[in-house]
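Note sheet for the following structure.
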Protein chains: 2
Amino acid sequence: MTERTAAHAGGNQRRKRPTMLDVAREAGVALRTVSRVVNNDPTVGPELAARIRQAILALDYAPDEQARQLRRGVSGIIGAAVRNLSDAHPVLSSVDRTARENRMTVLAMSTEDEEQRERDAVLSMCRRRVDGIIMEPISTNHQYLASEIESGMPVVAVDRPTGGVAADAVLSDNAAGIGLGFRHLVLHGHQRIAYIGDQERVFTGRERAAAFRACTAANGGTLEGRVHTGVIEPAFIAAALAATLGGDLPATALITGNAQTTIEVLRQLGSAAGDVAIVGFDDFLLADLLRPGLTVVAQDSATIGRTAIELLLARAADHSRPVQTVTVPVELIARGSGELPPR
Amino acid sequence: MTERTAAHAGGNQRRKRPTMLDVAREAGVALRTVSRVVNNDPTVGPELAARIRQAILALDYAPDEQARQLRRGVSGIIGAAVRNLSDAHPVLSSVDRTARENRMTVLAMSTEDEEQRERDAVLSMCRRRVDGIIMEPISTNHQYLASEIESGMPVVAVDRPTGGVAADAVLSDNAAGIGLGFRHLVLHGHQRIAYIGDQERVFTGRERAAAFRACTAANGGTLEGRVHTGVIEPAFIAAALAATLGGDLPATALITGNAQTTIEVLRQLGSAAGDVAIVGFDDFLLADLLRPGLTVVAQDSATIGRTAIELLLARAADHSRPVQTVTVPVELIARGSGELPPR
DNA sequence: TTGAAAGCGCTAACAG
DNA sequence: CTGTTAGCGCTTTCAA
């Protein structure tokens with residue numbers, strides 16, 4: 001690591017920031033009048049307004065949002081507690097876009113899938129008096145939010161519902177997604193289909209596994225050795241793969257319950273990935289560049305993010321509106337891996 | 001999209017949030033004393049402190065960070081203006097982690113590679129009085145930040161330097177990275193190596209293209225038709241690929257200047273990707289799952305993010321310290337595509 | 001050790 | 001149309 005050091009900092013002499021009062025003095029008017037101009041209040045004489053605007057430019061004045069918002073009681077900030085900031089996070093991106101369309105900015109904090117972190121993040125957002133919170137719940141119990149919600153903090157859960165308190169939520173249609181994948185595989189000749197996915201104490205893991213069981217039963221298949229749920233780790237995936245692909249009647253097709261599972265499965269299958277049909281839940285970048293291309297059940301992140309903001313703003317506008325859960329459709333994208341015939 | 005609506009919102013009756021004064025009254029003490037307890041000031045009698053803490057719990061009081069920070073003059077927030085929030089953004093993740101280690105939170109805004117958006121984002125962060133700003137510059141001129149920097153706002157540029165104002169910066173060693181890739185390909189027998197990358201008005205595009213030219217020259221090769229820089233779009237990539245891989249003496253190896261270029265190149269090459277050796281600048285998720293695995297020059301995002309925060313905090317602590325540019329080493333990761341022999 | 005009072009920078013009643 | 005006067009919820013001199 002190389003460090004190149006310049007002669008000196010530009011702003012050695014730290015200039016004091018001008019306040020609204022400075023502008024008022026500069027323009028020879030009262031504080032209130034400056035405030036009016038800053039807020040585009042039309043009830044200011046045109047020449048006075050011009051003089052004030054000139055003073056603003058001369059002093060290079062910019063209003064202090066923190067102070068303004070303390071006074072007005074709104075922050076213009078929406079908090080987003082998401083699982084992580086590093087992986088592709090299309091929902092966060094959509095939230096950000098929609099927030100900006102509504103002249104709000106997003107304060108994102110990552111929970112790293114830890115309950116404690118979720119709690120810290122969300123409560124710190126509350127203390128910062130954000131105008132609302134969008135969260136991907138990690139905990140299953142959100143009692144700690146009860147008093148905040150009661151105080152009028154809009155909270156919208158995304159991907160999973162909250163537990164213990166009523167809050168608006170935006171969820172993907174997990175059951176339909178599994179159904180899509182399952183039927184797709186059956187249509188391509190598969191009868192022995194297995195499922196590998198997240199632990200069932202996680203909401204999505206539970207919903208998807210249940211849907212898979214229902215599909216299998218409806219299709220007249222056996223469930224024995226076909227459903228593997230657990231913490232996504234190499235060892236678990238290895239065991240699940242051995243169990244499903246080994247034996248007398250190995251599965252000819254696999255449904256993987258989320259992106260993390262899919263990726264680990266592909267990694268472990270290596271060049272054998274072409275031997276078994278795969279439909280993955282969740283789309284991800286580069287899934288189309290794999291060979292075979294990965295067939296996925298894709299969530300509609302854009303709609304999810306937009307809907308979350310809409311629910312949040314609706315609740316902020318009307319605190320007594322009924323709590324709502326919106327289910328967003330998913331879509332199957334065929335790219336090759338899900339169309340492989342049984343072998 | 002299905003909407004399920006519950007009977008009624010929990011918090012129909014919006015409860016007023018308790019203030020510090022409420023706590024003081026509840027505990028029968030002065031406001032100041034509550035403040036002391038909240039800030040862990042040891043000069044409070046133990047039993048009084050206990051009584052106050054009890055009142056805090058009873059009222060479920062949480063201090064208003066916005067007010068506290070207005071008064072103290074710090075916000076506890078670091079602004080991060082990054083190119084986007086959706087793609088994997090390892091630097092943002094590292095910034096977030098390091099910020100939290102320093103008890104600060106990150107306000108991330110995306111610039112979407114637009115100069116106007118960068119300006120809006122950064123100036124809005126300034127108005128919010130964040131404690132410092134980390135930015136991936138899009139513009140080449142940052143005069144608009146001069147007065148803010150002069151007022152003491154710490155600004156750290158990441159990936160590219162600022163223009164027109166002196167600010168700390170953290171950059172990857174672009175020249176070394178290109179050198180690593182180039183030598184790696186030469187070592188594997190390549191003499192006709194081409195470069196496809198970002199337009200040269202972008203700092204990194206310029207640095208990497210220049211380094212590639214220097215390497216080629218030092219290696220005694222021709223530059224004719226070997227360097228293609230432009231806005232990364234399918235048409236540009238198609239033209240570049242046609243030019244480098246067609247003709248009498250087609251290139252046998254490719255260096256791609258950034259992740260976006262690499263991905264588009266791979267997409268267009270399709271199954272022909274195994275015919276030409278490729279070293280990509282920038283690592284990305286799943287690069288190891290491609291076949292052949294993608295050989296990359298990887299930036300050290302963790303170090304970049306951590307260093308950015310460190311520079312920011314150092315400047316916040318000492319506004320007259322010299323401006324510094326830190327160059328972070330890169331690393332070549334061989335996965336197959338860069339080890340293909342010429343053909 | 002505790003308390004009263006004065007602001008941080010701004011907006012919002014209410015007069016003139 | 002403009003100015004005066006109170007605060008938003010908190011920290012911080014400065015006395016007691």
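Chain identifiers are assigned alphabetically (A, B, ...) following the order of the sequence lines, protein sequences preceding nucleic acid strands; residue numbering begins at 1 within each chain. Quick caveat: nothing in here was measured; it's all calculated off a predicted structure. Just the heavy atoms: all of them, side chains too, but no hydrogens, waters or symmetry mates, feed the values below.
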Would you mind telling me which of [options] lies closest to the side-chain atoms of [X]?
| X | options | value |
| --- | --- | --- |
| A:A30 | C:dT2, D:dT4, C:dT11 | D:dT4 |
| A:V29 | D:dG3, C:dT11, D:dT11 | D:dG3 |
| A:R36 | D:dC10, C:dC10, D:dT2 | D:dT2 |

Checklist entry - Does OP1 or OP2 of C:dG3 have a side-chain N or O of B:T33 closer than 4.0 Å? => result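 Yes, such a contact exists.
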Item to check | Rounded (10°) bend between the five-pair end axes of the helix from C:dT1-D:dA16 to C:dG16-D:dC1 | outcome: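 Comparing the axis at each end, I get an angle of 40°.
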[atom1] of [X] versus [atom2] of [N]: gap in Å, rounded?
| X | N | atom1 | atom2 | result |
| --- | --- | --- | --- | --- |
| B:R17 | D:dC8 | CZ | C1' | 14 Å |
| B:L31 | C:dA6 | CG | P | 14 Å |
| B:D64 | D:dT11 | CG | C1' | 13 Å |
| A:E47 | D:dC1 | CD | C1' | 12 Å |
| A:R68 | C:dC8 | CZ | P | 18 Å |
| B:L21 | D:dG7 | CG | P | 12 Å |
| B:Q66 | C:dT11 | CD | P | 13 Å |
| B:R127 | C:dC10 | CZ | P | 12 Å |

Is [X] touching bases, backbone alone, or none of the nucleic acid, heavy atoms closer than 4.0 Å?
| X | value |
| --- | --- |
| B:T19 | sugar-phosphate |
| B:V38 | nothing |
| B:A67 | base |

Checklist entry - Do A:N84 and A:S110 have side-chain N/O donor and acceptor atoms under 3.5 Å apart? => result no
Next on the checklist: Donor-acceptor pair, distance only, cut-off 3.5 Å: does the side chain of A:T111 make one with the backbone of A:V82?
Outcome noted: yes
Next on the checklist: Using modelled atom types and a 3.5 Å cut-off, is there a donor and acceptor pairing between side-chain atoms of A:S75 and backbone atoms of A:R129?
Outcome noted: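 Yes: the side chain of A:S75 pairs with the backbone of A:R129.
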Next on the checklist: Nearest 0.5 angstrom please: B:I77 CD1 to B:T105 OG1, how far?
Outcome noted: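 So the CD1 of B:I77 and the OG1 of B:T105 are separated by 4.5 Å.
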Next on the checklist: Is it the case that the base of C:dG9 and the side chain of B:R129 share a donor-acceptor contact (distance under 3.5 Å, atom types as modelled)?
Outcome noted: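 Flag unset: no donor-acceptor pair detected.
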Item to check | hbond_proxy B:R71 side chain to D:dG9 base (donor-acceptor, 3.5 Å cutoff) | outcome: no
Checklist entry - Counting heavy atoms not belonging to B:E47, are there more than 12 under 6.0 Å from its CD? => result no
Next on the checklist: For A:R17, is there an ion pair with A:D64 - N to carboxylate O distance below 4.0 angstrom?
Outcome noted: no
Checklist entry - Hey, which of these two, A:R32 or A:L70, hits DNA chain C nearer its 5' end, going by closest nucleotide? => result A:L70
Checklist entry - A:Q324 pairs by side chain to side chain contact (heavy atoms under 4.5 Å, CB included) with which of A:D168, A:V170, A:V156? => result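 When A:D168, A:V170, A:V156 are each tested with A:Q324, the side chain to side chain contact (heavy atoms under 4.5 Å, CB included) holds only for A:D168.
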Checklist entry - Just one of A:R117, A:R83, A:R119, A:E112 clears the side chain to side chain contact (heavy atoms under 4.5 Å, CB included) bar with A:I138, so which one? => result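 Per the side chain to side chain contact (heavy atoms under 4.5 Å, CB included) rule, the option paired with A:I138 is A:R83, out of A:R117, A:R83, A:R119, A:E112.
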